J.: 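My questions will all concern the structure given below.
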Amino acid sequence: MAVRIDPSILAADFANLEAEIARVATADLIHVDVMDNHFVPNLTLGLPVVESLQRVSALPLDLHLMISDADRWAPVYAETGAYSVTFHAEAAADVVATARRLRQIGARAGLAVKPDTDIAPYLELLPEFDMLLIMTVEPGFGGQSFMQSTMPKLSRASEAVAASGLDVWLQVDGGISEKTIELASAAGANTFVAGSSVFGAENAAEQIALLRELARSAAGAHTH
Ligand code: DX5
Ligand code: ZN
């Protein structure tokens, strides 16, 4: 089964993003956290930085929008040529219309839910999405502890994806490290965001390889 490791540049040196992206060249995607100090109590980067990253990244960009008014802004981010744009269900008025707009522009459409948000209403809409992001921490900050309480929701999403026969990726984000990735993989995740555990490692390539290996072997334990 395919396993993807997406280093989050939130944990990288913001003064040297091009070099930091080069450090994680063996990863699958580059996870970019856009925060607006409104949907979440933190501010990171916006369109101009995303456009610049788009020019220097050899890996596809996986944008995670933690911003209000996603219906209006997600398509604008997709227009940068981003490979994948994920917006929050809590921040969108019409998740289906927004996802369709993203696909029309040519981006993969991702839907994210915070730890306390139920995924059930969205599982009926699976054909509209390319990825579901089950947050494993409260969005807003890197370096938080993985919330194991989100695993039943992940398993439920995984069962729905398997039953649908669709290739909807299941992403986890927050507190993913060599200590937690197997749990998330066994619960059905196949796309793993890792900020501090990758950028905090002395050898990022080795850490990516370790995470990938742990996720792969734990996925074997998962049965549908
Ligand atoms: C948190 C962000 C995450 C963050 C994860 O709101 O969405 O992508 O970078 O950081 P770690 O892996 O350090 O928990
Ligand atoms: Zn993120």
Side-chain angles (χ1 to χ4, degrees), residues 3-14 17 20-21 23-24 27-46 49-50 53 57 59-68 70 73-74 77 82-92 107-117 130-151 153-154 169-185 189-202 204 207-208 210-212 214-215:
V3 156
R4 294 160 214 97
I5 306 295
D6 307 357
S8 165
I9 57 160
L10 187 60
D13 176 359
F14 270 32
L17 287 176
E20 291 284 76
I21 287 176
R23 261 180 81 201
V24 297
D28 297 280
L29 301 142
I30 298 293
H31 185 81
V32 181
D33 290 303
V34 178
M35 303 186 192
D36 65 354
N37 198 28
H38 187 260
F39 179 69
V40 289
N42 193 7
L43 185 69
T44 53
L45 50 88
V49 175
V50 168
L53 292 173
S57 180
L59 293 179
L61 298 189
D62 167 35
L63 304 187
H64 177 195
L65 305 182
M66 285 159 276
I67 61 178
S68 299
W73 289 107
Y77 280 88
Y83 175 76
S84 178
V85 177
T86 298
F87 60 96
H88 270 265
E90 304 88 353
R108 289 173 60 91
L111 184 74
V113 289
K114 298 206 267 186
D116 291 338
T117 302
D130 300 295
M131 183 165 80
L132 295 181
L133 164 53
I134 310 293
M135 288 302 298
T136 45
V137 297
E138 283 299 336
F141 300 92
Q144 303 182 77
S145 299
F146 176 81
M147 294 169 66
Q148 202 173 336
S149 57
T150 59
M151 292 298 96
K153 184 161 69 174
L154 176 58
W169 297 359
L170 282 179
Q171 187 176 53
V172 283
D173 181 8
I176 298 297
S177 71
E178 65 280 5
K179 295 188 182 72
T180 55
I181 196 165
E182 292 164 291
L183 271 172
S185 178
N190 50 39
T191 308
F192 303 87
V193 177
S196 33
S197 82
V198 167
F199 282 104
E202 231 163 85
Q207 182 67 6
I208 290 164
L210 171 65
L211 292 175
R212 194 178 271 132
L214 290 170

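Note that ligands are numbered from 1 as they come in the structure, with each ligand's atoms numbered from 1 the same way. Owing to the predicted nature of the structure, the values given are computational and were not obtained by experimental measurement.
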J.: Restricting to N, O or S atoms, which atom of Asp33 is closest to the Zn ion (ligand 2)?
T.: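 Going through the N, O and S atoms of Asp33 one by one, OD1 ends up nearest to the Zn ion (ligand 2).
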
J.: Tell me if a side-chain donor or acceptor on Asn42 pairs with a main-chain N or O of Phe141 at a distance below 3.5 Å.
T.: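 Flag not set: sc Asn42 to bb Phe141 has no pair under 3.5 Å.
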
J.: Testing the basics here: between Ala184 and Leu154, what is the closest heavy-atom pair and its distance to 0.1 Å?
T.: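 Shortest heavy-atom separation between Ala184 and Leu154 comes out as O-CD2, 3.5 Å.
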
J.: Out of the N/O/S atoms in His64, what is the name of the one closest to the Zn ion (ligand 2)?
T.: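 Looking at His64, the N, O or S atom with the least distance to the Zn ion (ligand 2) is ND1.
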
J.: So which N/O/S atom does Asp173 have closest to the Zn ion (ligand 2)?
T.: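 The atom in question is OD2.
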
J.: Does a salt bridge link Asp62 with Arg4, judged by any charged N lying under 4.0 Å from a carboxylate O?
T.: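 Looking at Arg4 together with Asp62, the answer is no, because their closest N to O distance does not fall below 4.0 Å.
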
J.: Any side-chain heavy atom of Val24 within less than 4.5 Å of one from Val198?
T.: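 The answer is yes, as the side chains (C-beta and beyond) meet within the 4.5 Å cut-off.
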
J.: With a 3.5 Å cut-off and no angle check, do the side chains of Thr136 and Asp173 form a donor-acceptor pair?
T.: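 No - no donor-acceptor pair under 3.5 Å links their side chains.
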
J.: Who's touching ligand 1 if we go heavy atoms under 4.0 Å?
T.: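 These residues qualify: Ser8, Leu10, His31, Asp33, Met35, His64, Met66, Met135, Pro139, Gly140, Phe141, Gly142, Gly143, Asp173, Gly174, Gly175, Val193, Ala194, Gly195, Ser196.
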
J.: Just by distance, no angles: are the side chains of Glu202 and Gln207 close enough, under 3.5 Å, to form a donor-acceptor pair?
T.: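 No, no side-chain donor-acceptor pair sits under 3.5 Å.
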
J.: At what distance, to the nearest 0.5 angstrom, does NZ of Lys114 lie from CE of Met147?
T.: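 Reported value, rounded in 0.5 Å steps: 11.0 Å.
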
